[in-house]
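All remarks here apply to the structure that follows.
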Amino acid sequence: LGAQPRAPRRASDVVAPGGLQGATARERSNWTNRSLLELISLFAALVGPTTYVHMRYTGEAALAAMPFASLASGLLVLMICATIPAYSFRGLRDARPLHFLEALFVAGGTAGLALAYGQWLDAYDPHLADPIVQLRGVVGLGWALFVVGLCPAIFEELAFRGLLQGRLMALLGRWPGLVITATAFMLAHGISAASPLHLFLGLYLGLLRERSGSLYPGMLLHLVYNSALVVLAT
């Protein structure tokens with residue numbers, strides 16, 4: 001008897017890294033189209049509310065509206081992730097304590113580098129305003145931590161290391177998927193002097209997600225890193 005034909009893989013199926021490289025042209029086309037749609041939708045969810053706020057308001061009024069923009073972005077990300085929970089939420093499981101300790105160590109080191117770099121930029125151009133300091137001055141420390149620390153730690157990790165990374169790794173292979181996910185993460189934060197650091201963090205967070213099998217260490221790293229910038233920025 002001949003081998004039974006393989007059932008076509010749907011765009012919602014969980015596939016191992018590189019598993020789509022030997023797929024049919026139709027399967028790859030479906031996955032590519034679905035992945036592009038998810039990428040564009042997540043970019044719109046993460047950037048759209050903040051962009052609207054800055055188009056609608058200026059100055060302190062725009063900063064005061066940022067908590068609402070962050071909450072709106074988070075809800076939109078959750079709605080998109082809920083369309084394919086097998087990828088988005090399967091990383092919500094425990095990890096080894098060593099991975100959490102590693103996340104704390106890297107968060108502290110990279111936050112120190114980012115703060116030192118920010119001080120160097122300030123010395124180079126003393127008129128350059130720090131948006132985190134401005135946000136903290138308008139909404140207070142608690143809401144600034146919510147906007148810069150908590151929301152990105154949860155929702156960006158679900159979006160990039162939860163949904164996109166698994167999809168792109170299945171389609172393109174492990175390393176290309178990791179690199180493209182990290183690049184998308186960098187671009188979502190805008191092109192700035194901090195872009196190389198965002199790219200590094202995107203790559204490291206992706207590798208941490210793969211090694212730990214969990215999203216939680218990356219969420220912890222993201223939270224501690226961003227919160228340190230809020231608390232220590234001057």
- Query: Is there a side-chain contact between H222 and P152 (heavy atoms, below 4.5 Å)?
  - Reply: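 Touching, per the 4.5 Å side-chain cut-off.
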| With a 4.5 Å limit on heavy-atom distance, are the side chains of V147 and V139 in contact? |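 The answer is no; the side chains never approach within 4.5 Å.
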Determine whether a donor-acceptor pair (N or O, by modelled atom type, separation under 3.5 Å) exists between the side chain of [X] and the backbone of [Y].
X	Y	answer
S88	L163	no
R136	A233	yes
S227	V224	no
R96	S212	no
T83	I80	yes
E27	L20	no
T183	V179	yes

Nearest-0.5 Å distance that lies between atom CG in L135 and atom CG in L145 =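 If I round to the nearest 0.5 Å, the distance is 9.5 Å.
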- Message: Return the CE to CD distance between M66 and Q134, rounded to the nearest 0.5 Å.
- Response: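 M66 CE to Q134 CD: 12.0 Å, rounded to 0.5 Å.
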Across all chains, not counting sequence neighbours, the salt bridge (charged side-chain N to carboxylate O under 4.0 Å, His left out) partners of R209 are none
Taken in chain and number order and not counting sequence neighbours, the residues that satisfy ring-ring contact (aromatic ring centres under 6.0 Å, His included) with F146 are W143
Taken in chain and number order and not counting sequence neighbours, the residues that satisfy ring-ring contact (aromatic ring centres under 6.0 Å, His included) with H189 are F185, H198
Heavy atoms of other groups near F68 CZ, more than 12 under 6.0 Å: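 For F68, atom CZ is not crowded (no more than 12 foreign heavy atoms under 6.0 Å).
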Check your understanding: Hey, any chance V77 and L92 share a hydrophobic cluster, counting ILVMFWY side chains that come within less than 4.5 Å of each other, even indirectly?
Key ->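 Same cluster.
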**Prompt:** What are the two closest non-hydrogen atoms of G19 and V15, and how far apart are they?
**Reply:**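 Residues G19 and V15, closest heavy atoms: CA-CG1, 3.5 Å.
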